Amino acid sequence: SFPPRRSSDLPVAAGPVPPGTAVVTAVPATVVQAGAEPVAGPRPAAVGPPLPADVIDAAPAAGDAEPGWPGPAAPGLAAAAGRRPAAAGTATPGLPRRRVLGLAAVAGVSLAGAGWLISELNSPRHPARHGHTGRPSPSATPSPAASTPSPAGSVAAPGGAVQVWSFRTGGIVAGLALAQGRVFAGSTDDSVYALSAKSGARLWSFRTGGPVESRLAAAGGAVFAGSNDDSLYALRASDGARLWAFRTGSSVSSGIAVTGGTVYAGSEDENLYAVRASDGSKLWAASVVGVTSVAVAGDTVYAGSADGKLHALRASDGRKRWVFPTGLGSPTGLALAGRTVYLGGGNGTVYALRASDGHRLWGTPVGGAVNSGLATAGGAVFVGANDNQVHALRASDGSALWHFATGGSVASGIAVADGIVYAGGNDYVVHALRAANGHPVWAFNADGPVESQIAAAGRVAFVGSNGGQVYALTR
């Protein structure tokens, strides 16, 4: 393995690199309708112009599917890059690394018909389980009347960021997905929300029996989410009705991937599951210790594990193809491009592997553990690290293109759209950087650390915060 390389080891100009500075080093089916009841929920705060049209239109044993299973019962001021310190003696809640490393599974998914390029994250989690005992009673709760946004003026940052709207949940926002003009968000308040991408109005919410810390995925008119109530859920995207719930032996807080009518998700019962998307029936389960991230390409499923390995499994039956050990730290960010798998690890190295056999093509150390998501675009790999920087590496050989200094550890998903890289972290700031050279476009100060998935469509970025907000940001 490579020793971590600090930012001082990189070829930069003499003197310290202040936050907000880019340093260029090279140019280069059966539906079970849960009881619906109107709920007066949080209202989105509209503080900017409408979004562009292209964004708007755009109790059974573990492993059993349970279509009818019952269970027991703003901030947002735009600011220049810089960390907002917590009050003395207080701790900022986060998502435990063991539980939500799967949020860093980054595959840069393009959603059909919308042109969204989405990347994922990794993040520590809130330690509490919100006092739940027994089994939950999931419910979909449409709330059409309670979703009228409050009128307000636009708020722009010196760098040009505009908050279009914000929506407050009751917990940390970790997972985000986009489909059919809707933003889907998972929160540690035990709920999944569907919001209008245009206005932030709440369309429906679905309550599970535990914190929702997994990444979310949307496909085929459904949204998929894991919960700490040990279940993987499929919800109808249009109204939040539960299609099915698949019960595992422990919390489902990893990444989720959907392709070819199959949903892949990891559970803390140390299994990776393949579940039929149409009805929630189990296809197979493979032993993977502490699944942290999941991605699929062709007939292979890739899963990072808490024991510091990347596993490649046959998609049809879960049989192991190859295993790549990264050494210390769990593989977090994960992206696929062509015949190459890119991943970042807790050992501070970003790797490129040949997808067919796991052969290492290159490994580039960055200045700290990689806890962010990872994305690829335009022949580059984009990743954040605990050295408080966003790094761009050449996809072909891992050489450094540029790095951008932030005010804190970069722990969000990474998204790339319209030539802009979006990243957030423990400096409470969402950064928009030019993919070509790392120059800052704008910075937005959120109400807490930004450790969620980030989704981007055109010139709009959707992001969640540990303060419970979902933001729509543009320029």
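Note that the structure is predicted; figures quoted are calculated from it, not measured.
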Open item on the list: Rounded at 0.5 Å granularity, tell me how far CD in Gln469 sits from OG1 in Thr169.
Closed with: 8.0 Å
Open item on the list: Are Leu473 and Val460 packed together at the side-chain level, in the sense that at least one heavy-atom pair is separated by less than 4.5 angstrom?
Closed with: no
Open item on the list: Check the orientation of Trp244 and Phe224. Use parallel for under 30°, tilted for 30 to 60°, and perpendicular for over 60°.
Closed with: tilted
Open item on the list: Just so I know, are the side chains of Asp418 and Arg475 near enough to count as touching, which here means a heavy-atom distance under 4.5 Å?
Closed with: yes
Task: Partners meeting salt bridge (charged side-chain N to carboxylate O under 4.0 Å, His left out) with Arg354 (sequence neighbours left out) - done: Asp357
Open item on the list: Does any part of the side chain of His311, heavy atoms only, come nearer than 4.5 Å to the side chain of Ser305, both counted from C-beta?
Closed with: yes
Task: Set of residues satisfying side-chain contact (heavy atoms from CB on, under 4.5 Å) with respect to Asn388, sequence neighbours excluded - done: Thr406, Ser409
Task: Stepwise side-chain contact (heavy atoms from CB on, under 4.5 Å) test for Ser356 and Arg339 - done: CA-CA 7 Å; Ser356 60; Arg339 299 178 180 180; over 6 Å; no
- [ ] Indicate yes or no for a side-chain donor-acceptor contact from Ser227 to the backbone of Thr208 under 3.5 Å, with no hydrogens or angles considered.
- [x] no
TODO: Search all heavy atoms of Ala286 against all heavy atoms of Gly318 and return the closest pair with its distance.
DONE: CB-O, 3.7 Å
- [ ] Please check if the side chain of Asn386 supplies one atom and the backbone of Gly368 the other of a donor-acceptor pair under 3.5 Å.
- [x] no
- [ ] Keeping the roles fixed (side chain from Ser214, backbone from Gly255), state whether a donor-acceptor pair exists under 3.5 Å.
- [x] no
Open item on the list: Nearest 0.5 angstrom please: Lys282 NZ to Thr248 OG1, how far?
Closed with: 10.5 Å
Task: Closest non-hydrogen atom pair, Ser205 against Tyr193 - done: CB-CD2, 3.7 Å
TODO: Give a yes or no on whether the backbone of Asn271 and the side-chain of Ser267 come within a donor-acceptor separation of less than 3.5 Å.
DONE: no
Open item on the list: Under 3.5 Å, is there a donor on one side chain and an acceptor on the other for Ser250 and Asp230?
Closed with: no
Open item on the list: Main chain of Ala355, side chain of Trp322: is a donor-acceptor contact present, judged purely on distance under 3.5 Å?
Closed with: yes
Open item on the list: Which residues pass the side-chain contact (heavy atoms from CB on, under 4.5 Å) test with Ala352, not counting sequence neighbours?
Closed with: Thr340, Tyr342, Leu361, Trp362
- [ ] Give every residue pair that meets the salt bridge (charged side-chain N to carboxylate O under 4.0 Å, His left out) criterion with at least one member in residues 287-305, sequence neighbours excluded.
- [x] Asp299-Arg321
Open item on the list: Before we go on, tell me: are the rings of Tyr273 and Tyr264 under 6.0 Å apart, centre to centre?
Closed with: no
- [ ] Heavy atoms only: give me the nearest Ala185-Val470 pair and the separation to one decimal.
- [x] CB-CG2, 3.9 Å
- [ ] Would you mind telling me which of Val294, Val296, Leu336 makes a side-chain contact (heavy atoms from CB on, under 4.5 Å) with Tyr302?
- [x] Leu336
- [ ] Could you go through the ring pair (Phe, Tyr, Trp, His ring centres under 6.0 Å) check for Phe324 and Tyr351 one step at a time?
- [x] CA-CA 10 Å; Phe324 178 83; Tyr351 297 95; 5.2 Å; yes
Open item on the list: Test of understanding: with side-chain contact (heavy atoms from CB on, under 4.5 Å), list the residues that count as partners of Ala432, not counting sequence neighbours.
Closed with: Ile420, Tyr422, Val441, Trp442
- [ ] Please confirm whether the backbone N or O of Leu216 pairs with a side-chain atom of Gln453, one donor and one acceptor, at under 3.5 Å?
- [x] yes
Open item on the list: I want to check something: taking the side chain as every heavy atom from C-beta on, are Leu343 and Val350 in contact at a cut-off of under 4.5 Å?
Closed with: no
Task: Polar contact flag, side-chain donor to acceptor under 3.5 angstrom, Thr474-Arg459 - done: no
TODO: Could you pull out the closest heavy-atom pair between Val291 and Ala303, with the gap in Å?
DONE: CG1-CB, 4.5 Å
TODO: Kindly compute the distance separating CD1 (Ile454) from NE2 (His431), expressed to the nearest 0.5 Å.
DONE: 9.5 Å
Open item on the list: Could you report the tightest heavy-atom contact between Asp190 and Gly209, atom names first, then the distance?
Closed with: OD2-C, 4.4 Å
TODO: Kindly write out the residues that satisfy side-chain contact (heavy atoms from CB on, under 4.5 Å) with Val223, not counting sequence neighbours, or none if the list is empty.
DONE: Phe184, Trp204, Leu235
Open item on the list: Quick one: does any side-chain atom of Asn347 pair with a main-chain N or O of Thr326 as donor and acceptor, under 3.5 Å?
Closed with: yes
TODO: Please test Tyr471 against Phe462 for ring pair (Phe, Tyr, Trp, His ring centres under 6.0 Å), starting from the C-alpha separation and ending with a verdict.
DONE: CA-CA 6 Å; Tyr471 297 100; Phe462 300 91; over 10 Å; no
Open item on the list: Treating Arg168 as the side-chain partner and Gly467 as the backbone partner, does any N or O pair qualify as donor plus acceptor under 3.5 Å?
Closed with: yes
TODO: Check whether any side-chain heavy atom of Phe206 sits under 4.5 Å from a side-chain heavy atom of Arg242, and report yes or no.
DONE: yes
- [ ] Apply the test side-chain contact (heavy atoms from CB on, under 4.5 Å) to residues Trp284 and Leu272: give CA-CA distance (whole Å), side-chain angles for both, the deciding distance (0.1 Å), then the verdict.
- [x] CA-CA 8 Å; Trp284 53 259; Leu272 173 68; 4.1 Å; yes
Open item on the list: Check whether Glu451 reaches the backbone of Ala411 with its side chain - one donor and one acceptor, N or O, closer than 3.5 Å.
Closed with: no
Task: Donor on one side chain, acceptor on other, Ser253 and Glu268, under 3.5 Å - done: yes
Task: Point-to-point distance, once rounded to the nearest 0.5 Å, from OG of Ser372 to CD of Gln389 - done: 12.5 Å
Open item on the list: Using every non-hydrogen atom in the two residues, find where Ala385 and Val366 come nearest and quote the distance to one decimal.
Closed with: CB-CG2, 3.9 Å
Task: Check: Leu176 and Val183 side chains under 4.5 Å, non-hydrogen atoms - done: yes
- [ ] Please lay out, stage by stage, how Val429 and Val450 fare under the test side-chain contact (heavy atoms from CB on, under 4.5 Å).
- [x] CA-CA 7 Å; Val429 178; Val450 178; over 6 Å; no
Task: Step-by-step salt bridge (charged side-chain N to carboxylate O under 4.0 Å, His left out) determination, Arg247 to Asp269 - done: CA-CA 11 Å; Arg247 187 79 183 284; Asp269 65 5; over 6 Å; no
Task: Spacing of Asp447 atom CG and Ser166 atom OG [to the nearest 0.5 Å] - done: 8.5 Å
- [ ] Check for a donor-acceptor pair, side chain of Ser187 on one end and backbone N or O of Ser191 on the other, with a separation under 3.5 Å.
- [x] no
Task: Interatomic distance, Glu270 atom CD to Ser287 atom OG [nearest 0.5 angstrom] - done: 6.5 Å
TODO: For Val263 and Leu232, run side-chain contact (heavy atoms from CB on, under 4.5 Å): C-alpha distance rounded to whole Å, both residues' side-chain angles, the deciding distance at 0.1 Å, then the answer.
DONE: CA-CA 10 Å; Val263 185; Leu232 170 67; 4.0 Å; yes
